[in-house]
Amino acid sequence: MNLQECFVDLHVHVGCDWHGNPVKITGSKSLTITAILEEASRRKGLDIVGVIDAHVPAVQEELVYLIKEGGAEELKDGGIRFEETVLILGSEIEIYDAACNGPIHVLCYFPSLEKMKAFTDWISYKMTNINLSSQRFYGTGRELQEYVHSHGGWFIPAHVFTPFKSMYGKGVKNSLKEVFHPDLIDGIELGLSSDSDMADQIEELHEYPFVTNSDAHSAIRLAREYQLVEVKEPTFLEFGKALRQSDDRGIRKNFGMNPKLGKYHRTVCAACFHPGSPDDRSCEACGSRKMVKGVADRIEELSTNDTALPARPDYIYQVPLDYLPGVGKKTYEKILDAFGTEMSIIHEASFEEMIEIVPKDVAASILAMRAGDLTIAEGGGGVYGKVQPKLS
């Protein structure tokens, strides 16, 4: 059987619906579902994109219109094809039940518009505002898991180490079993401040596949993190097999930013950004009590390093093209015009091809990024780290 490689980003937010009403309050106002699909297909080069605000009725209306007008089509094995990209319908939900130590964001995916509409009907009675993203679910985590699985969906805890609104950041004290049924989790989303090696310090995560996604709130941030999967074709059914590593399908590589670039990598004072210890109750520099515990420090608290690590796909450090020195808006558009998509630039373009379009130092920056040859200044306290390529 011939399998194909597909680039996948499963966590993208809708900024506004097609009526101009906000969906993700912090998202770009120009980021409708159609705009996401156009960006994913025409500029990013993503084979599969997951939009996690597909529970919103107006977003569904826009998709129905696209299908009716012939711009998109539902696939027999799940997903909606738009040009070169397949859309996976998802929903980000906030859980904060009696078992939670703090709010937890989770991702729920379904194979068809029909099943997503049914999900919308169900959660509309358990949510204050069905028209917005990442809203509180008034039920238990296990109840939500059971619904998703009984309707053929996937359940994935989101950005699990982020200090705010995540499973390990706030939601549980020690174990995911405090809130969730472990057998009804299909994967773990790592988030921008962690990688596979960091997450595998926690033994209970060894049985789950890791996914790396952008959590994009604007078009330019699509595919800042993503994965390469091997499947027969880009569909909901096939990606589900990749999650389960069944029938030779699987996640082959994870591409993400070095965790040191994440804005919550180390414990930092949110008031003055002075680094601190995870045990600090106040900042030794300014006295503020707004200490934000870093992801690396939280993982160290939960670490169970005495167990053998599972085999994992390579986790390859990359950064978005516009993070690199010399890649401003004009240069970005110029190189994109030449090579078609970001995936083509990042994975295929040679140095010789690039220097016909951009200066040598920019081409060298891209190759340095591709090789993971980057110098990183750590982030923390809500401020992203910085990258400086080592140029030859």
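Predicted model, so just to flag it, every value in this text is computed and none were measured. In what follows, every heavy atom counts, from backbone to side chain, and hydrogens, waters and symmetry copies are set aside.
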Heavy atoms of other groups near [X] [atom1], more than 12 under 6.0 Å:
| X | atom1 | value |
| --- | --- | --- |
| K232 | NZ | no |
| E178 | CD | yes |
| E114 | CD | no |
| D248 | CG | no |

Just by modelled atom types, is the [Y] backbone N or O under 3.5 Å from a matching donor or acceptor in the [X] side chain?
| X | Y | answer |
| --- | --- | --- |
| D97 | G141 | yes |
| Y208 | P182 | yes |
| N258 | L261 | no |
| S193 | T162 | no |
| D186 | I156 | no |
| S150 | Y147 | yes |
| H217 | D215 | yes |

Evaluation steps, side chain to side chain donor-acceptor pair (under 3.5 Å), between E92 and H13: CA-CA 9 Å; E92 185 170 38; H13 281 282; 3.2 Å; yes

Under a 3.5 Å cutoff, is there a donor and acceptor pairing between the side chains of [X] and [Y]?
| X | Y | result |
| --- | --- | --- |
| E62 | T34 | yes |
| S30 | S28 | yes |
| T120 | Q60 | yes |
| D77 | T235 | no |
| N213 | Q227 | yes |
| Q135 | T128 | no |

Rounded distance [0.5 Å steps], [atom1] in [X] versus [atom2] in [Y]:
| X | Y | atom1 | atom2 | result |
| --- | --- | --- | --- | --- |
| L10 | I48 | CG | CD1 | 7.5 Å |
| I220 | D322 | CD1 | CG | 4.5 Å |
| E189 | S194 | CD | OG | 9.0 Å |
| Y332 | I345 | OH | CD1 | 7.0 Å |
| T32 | I36 | OG1 | CD1 | 7.0 Å |
| N131 | H55 | CG | NE2 | 8.0 Å |

If you measure from the Lys or Arg side-chain nitrogens to the Asp or Glu carboxylate oxygens, is any gap between [X] and [Y] under 4.0 Å?
| X | Y | result |
| --- | --- | --- |
| K293 | D280 | no |
| R42 | E84 | no |
| E94 | K165 | yes |
| D297 | R266 | yes |
| E233 | K76 | no |
| D247 | K241 | yes |
| R249 | E238 | yes |
| R43 | E342 | no |

Mutual orientation of the aromatic rings belonging to Y317 and Y315 [parallel < 30°, tilted 30-60°, perpendicular > 60°]: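 Y317 vs Y315 ring planes: perpendicular.
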
Please work out which of the three classes, parallel, tilted or perpendicular, describes the rings of F255 and Y226, given edges at 30° and 60°.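 Answer is parallel, since the angle falls under 30°.
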
Residue list, side-chain hydrogen bond (donor to acceptor under 3.5 Å, both in side chains) with R298, at least two apart or on another chain: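 Counting only residues at least two positions away or on another chain, R298 forms a side-chain hydrogen bond (donor to acceptor under 3.5 Å, both in side chains) with E301.
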
If the test is ring pair (Phe, Tyr, Trp, His ring centres under 6.0 Å), which one of F137, F110, Y125 qualifies with F119?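 Only match with F119 under ring pair (Phe, Tyr, Trp, His ring centres under 6.0 Å): F110.
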
Would K24 and D53 satisfy salt bridge (charged side-chain N to carboxylate O under 4.0 Å, His left out), going step by step from the backbone distance to the final call? CA-CA 8 Å; K24 183 68 174 179; D53 297 315; over 6 Å; no

Taking C-beta and beyond as the side chain, do R136 and M127 meet within less than 4.5 Å on heavy atoms?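 With C-beta onward as the side chain, the pair stays apart.
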
Hey, does V211 have a side-chain heavy atom less than 4.5 Å from the side chain of I188?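 No, side chains not in contact.
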
Just checking, R142 and F180: is the charged tip under 6.0 Å from the six-membered ring centre and within 45° of the axis?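 That pair does not qualify as a cation-pi contact.
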
Starting from I104, can I reach L205 by hopping between I/L/V/M/F/W/Y residues whose side chains sit under 4.5 Å apart?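 Yes, same cluster.
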
Using a 4.5 Å cut-off between side-chain heavy atoms of Ile, Leu, Val, Met, Phe, Trp and Tyr, which other residues end up in the same hydrophobic cluster as W18?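 Besides W18, the cluster holds Y65.
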
Intermediate values then yes/no, side chain to side chain donor-acceptor pair (under 3.5 Å), S112 and E74: CA-CA 7 Å; S112 67; E74 284 210 80; 5.0 Å; no

